[in-house]
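Beneath this line is the structure, given in structure tokens, with notes to follow.
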2 protein chains.
Amino acid sequence: MSSKILDEHSAAHVAELFRAFSDTSRVQIMSALLDGEKNVSVLADLVGISQSAVSHHLRGLRQMKLVVARREGKEVYYSLVDPHIITLFQQGIRHIQED
Amino acid sequence: MSSKILDEHSAAHVAELFRAFSDTSRVQIMSALLDGEKNVSVLADLVGISQSAVSHHLRGLRQMKLVVARREGKEVYYSLVDPHIITLFQQGIRHIQED
DNA sequence: TCAACATGTGAATATATACTCATGTGTTAA
DNA sequence: TTAACACATGAGTATATATTCACATGTTGA
């Protein structure tokens, strides 16, 4: 049935998903991870924000299962796993590159 | 070249796009428009927020060209036009309906 | 022209959010 | 076990954002 509006609860979930990509730093983090897994300090260098800020962002992305963490010694490597999420994010990039 | 991170300017644009869908009310507005064009007061009723709030949201969506407005007498009908945006939004909905 | 209606918008406010700073936790090598 | 390093996290703060309220603008019919 496509004639009913999304209920508030579902809409809130959808909004939450898109909100994950609604910040410049997180978009840069995601775009870095598109290229392959990276650890926190590398991400901080690439994006140009503090390690703390990166960790805060990654926590949110992790809780939403948009990224996964893998510890290797002292470092923690983050990567993208969900192909649907990757597609969704790439579509966003493509759209802004069009007009 | 997929090995470079998105520059800050592009990332800000991508973030801006996703931010458009990062609010529960806007998601409900968009979901209502998936079903076809609707005027402002109908949208306000469907979403359950004030006409003013709907207008404010629609202004943002309009400025980003995510919706288009068509006046018919005293009423203004809004609709979705960009098929890529529709696909992007629907993918967001599908994702939250999976897990 | 005037009244009624639909929509748009600026200002004010309350809440959410991103960042910094300080410190905590986990890991390794000496 | 201790020092050094990588990362996580809570608190505080500054900014962004959604909503409401009051009113402006635009349209139609009398």
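Computed from a predicted structure; not experimentally measured. Quick note on labels: first sequence line is chain A, next is B, and so on, each numbered from 1.
Taking atom NE2 on A:His57 and atom C1' on C:dC19, their separation rounds to 8 Å, with Å as the unit. Taking atom CD on A:Glu16 and atom P on D:dT17, their separation rounds to 18 Å, with Å as the unit. Going from atom CG of A:Asp23 over to atom C1' of D:dT17 covers 14 Å, rounded to whole Å. A:Leu58 places its CG atom 10 Å from the P atom of D:dC7, with the value rounded to the nearest Å. Following rounding to the nearest Å, A:Asn39 (CG) and D:dA8 (C1') show an atom-to-atom distance of 14 Å. Counting to the nearest Å, the C1' atom of C:dA6 and the CG atom of B:Leu43 are 13 Å from each other.
Under the salt bridge (charged side-chain N to carboxylate O under 4.0 Å, His left out) criterion, B:Arg71 pairs with no residue at all, not counting sequence neighbours. Every residue two or more places apart in sequence or in another chain that forms a side-chain contact (heavy atoms from CB on, under 4.5 Å) with B:Arg59 is listed here: B:Arg62, B:Gln63.
Every pair passing ring pair (Phe, Tyr, Trp, His ring centres under 6.0 Å) that includes a residue from residues 59-90 of chain B is listed here, sequence neighbours excluded: B:Phe21-B:Phe89.
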Practice prompt. Encode nucleotides 25-30 of chain C as B, S and - characters from 5' to 3', where the letter depends on protein heavy atoms closer than 4.0 Å: B to the base, S only to sugar-phosphate, - to neither.
Written response: -BBS--
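Comparing atom distances between the A:Ser25 side chain and each of D:dC7, C:dC19, D:dT19 picks out C:dC19 as nearest.
B:Val47 pairs with exactly one of B:Ile29, B:Val42, B:Thr24 by the side-chain contact (heavy atoms from CB on, under 4.5 Å) rule, that one being B:Ile29.
Under the 3.5 Å distance criterion, with hydrogens and angles disregarded, a donor-acceptor pair is assigned to the side chains of B:Ser55 and B:Gln51.
Side-chain contact between A:Leu58 and A:Val76 is absent, with no heavy-atom pair separated by less than 4.5 Å.
Across all strands, B:Tyr78 comes closer than 4.0 Å only to sugar-phosphate atoms, never to a base (heavy-atom distances). Among the protein residues, B:Ser41 comes within range of the sugar-phosphate backbone only, with heavy atoms under 4.0 Å from sugar or phosphate atoms but none that close to a base.
Contact annotation: A:Arg59 side-chain N/O to C:dC19 OP1/OP2 distance is not under 4.0 Å.
Other residues sharing a hydrophobic cluster with A:Val68 under the 4.5 Å side-chain heavy-atom criterion for ILVMFWY residues are A:Val81.
A salt bridge links A:Asp35 and A:Lys38; the closest N-O separation between the charged side-chain nitrogens and carboxylate oxygens is under 4.0 Å.
Comparing A:Tyr77 and B:Arg19 along DNA chain D, the residue whose closest nucleotide (by nearest heavy atom) sits nearer the 5' end is A:Tyr77.
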Taking only nitrogen or oxygen atoms into account, show me every contact under 3.5 Å that the protein makes with nucleotides 20-24 of chain C, one pair per line with its distance.
residue : atom : partner : partner atom : Å
C:dT20  : OP2  : A:Ser50 : OG           : 3.0
C:dT20  : O4   : A:His56 : NE2          : 3.2
C:dC21  : N4   : A:Ser52 : OG           : 2.7

Discussion item. Does B:Asp82 form a side chain to side chain contact (heavy atoms under 4.5 Å, CB included) with B:Leu88? I'd like the steps, not just the answer.
Written reply: CA-CA 10 Å; B:Asp82 189 329; B:Leu88 184 70; over 6 Å; no
